[in-house]
**Q** 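Okay, here's the structure, questions in a sec.
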2 protein chains.
Amino acid sequence: MASCLDDDHVGRLEAVVSHWRMVHRGERLFRAGDHFRSLYALRSGSVKTVTSDTCGGEHVTGFFMAGETLGLGAISTDAYDCDAIALEDSSVCVIPFGPMEALCRELKPLQHQFHRLLSTEIVRESRQMTLLSGMSAERRVAAFLVDLSRRLQQRGYSPRSLTLRMTREEIGNYLGIKLETVSRAFSRFQREGLLHVDGKHVELFDVEALALV
Amino acid sequence: MASCLDDDHVGRLEAVVSHWRMVHRGERLFRAGDHFRSLYALRSGSVKTVTSDTCGGEHVTGFFMAGETLGLGAISTDAYDCDAIALEDSSVCVIPFGPMEALCRELKPLQHQFHRLLSTEIVRESRQMTLLSGMSAERRVAAFLVDLSRRLQQRGYSPRSLTLRMTREEIGNYLGIKLETVSRAFSRFQREGLLHVDGKHVELFDVEALALV
DNA sequence: CGAAGCTTTGATTTGCCTCAAGTGGGGTGG
DNA sequence: CCACCCCACTTGAGGCAAATCAAAGCTTCG
């Protein structure tokens with residue numbers, strides 16, 4: 001967010017976003033229904049968001065890595081719409097929303113950057129909907145890996161070597177398929193020479209081919 | 001959007017949102033890739049949004065009715081991310097985005113209302129993802145009808161009597177199932193006394209039961 | 001070192017898709 | 001005005017991808 005500001009204004013933003021917080025593995029950053037006060041920018045670690053439907057079932061709605069922002073759905077109702085659970089020990093910047101909005105009224109570039117952030121989330125979810133409604137199980141898994149790879153690359157990490165912070169069950173839940181199906185897709189991709197799986201560690205040999213599966 | 005403003009300020013908003021436009025059935029309001037200049041508030045009629053994936057397939061990402069806003073995904077990249085196609089002759093307010101952002105910097109209630117609008121879209125899509133990844137074909141159709149009913153009620157129409165502006169194929173595409181499956185779900189709900197279908201016209205007898213299917 | 005949880009793989013079942021045939025309604029041209 | 005055609009819809013039969021059920025190997029961690 002700060003990248004859009006010049007030095008004078010970065011200070012103003014830092015005054016608003018001055019606090020941060022640790023979240024240990026398995027701990028909740030916020031819960032569905034909690035009163036909304038702040039957005040959270042993930043500094044390190046990773047987090048999943050989960051909604052629990054009426055009859056006890058859970059659904060993983062997203063995986064977040066360092067640099068991504070949590071809590072955007074809470075603005076609409078002044079309450080978080082999901083639980084955010086750390087997948088490993090993580091740290092977040094606390095962004096108090098009232099002061100943040102106030103600063104957006106003053107700093108045009110910050111305002112625009114914030115609007116882009118919200119809009120990007122809309123586009124991301126829209127793409128995920130397309131994936132969930134049209135694609136086969138294997139394509140979903142492939143797209144999931146390609147997406148992770150792309151996001152790692154954006155943040156300066158290797159796009160070929162990834163460590164999955166979530167279980168097969170969480171991946172399956174996120175993709176709308178069962179954990180056994182996720183496992184079979186991994187095995188098949190490995191048999192076809194597209195990647196190598198070893199538990200939580202995945203080595204991608206051919207991201208382009210994976211994107212075309 | 002205007003509901004959050006007092007009389008003085010409504011004038012300011014009206015100065016920004018002064019133009020409107022007709023879109024005839026089948027016509028495109030905007031296309032994926034078009035340069036982003038404006039959001040569109042649907043005044044009357046209905047519109048679907050469609051993304052075309054790489055290999056020619058289309059995916060319906062949303063149905064919009066009067067009072068809802070189109071183009072929110074375009075803010076992130078300065079280009080629309082989908083086609084918006086009128087399902088019947090419709091009219092839209094044109095909301096030039098630059099002036100709109102400027103006014104949001106001046107009017108705090110307008111700014112907040114706009115943030116809520118974006119956030120609501122995020123929550124809506126998040127719910128749709130849950131639906132697509134976890135639910136059976138029949139539940140998807142039931143949820144689709146309940147959602148339509150709720151939105152009609154919000155806008156002051158009868159929540160029990162609806163006229164579908166889209167085909168079975170478009171519904172199926174939106175829900176990630178085939179048109180035959182949509183048709184079978186309608187027939188089954190009718191057999192169970194939950195509703196009456198006659199082509200495009202649907203009479204809901206028991207919205208609560210439908211929500212629990 | 002043992003227990004609990006995660007992962008892989010195989011066998012069987014099932015819900016939805018595919019293919020196919022027939023109906024009905026609305027628009028068009030004769 | 002009517003006959004025709006096209007398109008959207010309904011319904012049935014059979015097949016397939018993924019779910020479910022089951023079992024064994026592997027990790028992690030107290």
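Chain naming here is simple, since letters A, B, ... match the order of the sequence lines and numbering starts at 1 in each. As the structure is a prediction and not an experimental result, all values here were calculated from the model.
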**Q** Would you please name every residue forming a side chain to side chain donor-acceptor pair (under 3.5 Å) with A:Arg188, sequence neighbours left out?
**A** A:Glu138, A:Glu192
**Q** Take the protein atom CD1 of A:Ile171 and the nucleotide atom P of C:dC6, then report the distance between them rounded to whole Å.
**A** 13 Å
**Q** Whole angstroms only, please: what is the NE2-C1' distance between B:His201 and D:dA8?
**A** 18 Å
**Q** Going by atom types only, do B:Ser91 and B:Ser44 share a side-chain donor-acceptor pair under 3.5 Å?
**A** yes
**Q** For residues 17-58 of chain A, which residue pairs qualify under ring-ring contact (aromatic ring centres under 6.0 Å, His included), counting only residues two or more places apart or in two chains?
**A** A:Phe30-A:Tyr40, A:Phe30-A:Tyr80, A:Phe36-A:Tyr80, A:Phe36-A:Phe97
**Q** Do you see a donor-acceptor pair shorter than 3.5 Å between the side chains of A:Gln113 and A:His115?
**A** no
**Q** Using whole Å, report how far CZ of B:Arg165 lies from C1' of D:dA8.
**A** 16 Å
**Q** List the residues meeting side chain to side chain donor-acceptor pair (under 3.5 Å) with B:Gln154, not counting sequence neighbours, and say none if there are none.
**A** none
**Q** Distance check needed: C:dC6 C1' versus A:Lys200 NZ, whole Å only.
**A** 7 Å
**Q** Applying side chain to side chain donor-acceptor pair (under 3.5 Å), name anything that partners B:Gln153, two or more places apart in sequence or on another chain.
**A** none
**Q** How about B:Thr61 and B:Thr51: does a side-chain donor come under 3.5 Å of a side-chain acceptor?
**A** no
**Q** A:Leu179 side chain: which of C:dT18, C:dT8, D:dC9 is closest?
**A** C:dT8
**Q** Near DNA chain C, under 4.0 Å by heavy atom, which residues of residues 132-140 of chain B?
**A** B:Ser136, B:Ala137
**Q** B:Arg165: what forms a salt bridge (charged side-chain N to carboxylate O under 4.0 Å, His left out) with it, not counting sequence neighbours?
**A** B:Glu88
**Q** Of the candidate nucleotides C:dC6, D:dC9, C:dT8, which contains the atom at the shortest distance from the side chain of A:Ser183?
**A** C:dT8
**Q** Please tell me which of the listed nucleotides, C:dT9, C:dC16, D:dA19, lies nearest to the side chain of B:Thr181?
**A** C:dC16
**Q** Separation of A:His196 atom NE2 from C:dT8 atom P, in whole Å?
**A** 11 Å
**Q** List in chain and number order the residues that pass salt bridge (charged side-chain N to carboxylate O under 4.0 Å, His left out) with B:Arg124, two or more places apart in sequence or in another chain; answer none if no residue qualifies.
**A** B:Glu121
**Q** Could you pull out all residues at least two apart from B:Glu27 that satisfy side chain to side chain donor-acceptor pair (under 3.5 Å)?
**A** none
**Q** With respect to the side chain of A:Arg168, which nucleotide from D:dT20, D:dA8, C:dT8 is positioned closest?
**A** C:dT8
**Q** Rounding to a whole Å, what distance do you find between A:Arg188:CZ and C:dT7:P?
**A** 21 Å
**Q** Please list each protein N or O that sits under 3.5 Å from an N or O in nucleotides 20-23 of chain C, with the distance.
**A**
none

**Q** With the side chain of B:Arg184 defined as its heavy atoms from C-beta on, choose the nearest nucleotide among C:dC6, D:dA13, C:dG10.
**A** D:dA13
**Q** In whole Å, what is the span from the NZ atom of A:Lys178 to the C1' atom of C:dT14?
**A** 14 Å
**Q** Give the nucleotide from the list D:dT10, D:dT20, C:dC17 with an atom nearest to the side chain of B:Ile177.
**A** C:dC17
**Q** Which pairs with one or both residues in residues 150-191 of chain A pass ring-ring contact (aromatic ring centres under 6.0 Å, His included), sequence neighbours excluded?
**A** A:Phe63-A:Tyr174
**Q** Round to the nearest Å and state the distance from A:Glu169 atom CD to D:dA19 atom C1'.
**A** 14 Å
**Q** Taking five pairs at each end, how big is the angle between the two axes of the helix from C:dC1-D:dG30 to C:dG30-D:dC1, to 10°?
**A** 40°
**Q** Listed by chain and number, what are the salt bridge (charged side-chain N to carboxylate O under 4.0 Å, His left out) partners of B:Lys48, not counting sequence neighbours?
**A** B:Glu170
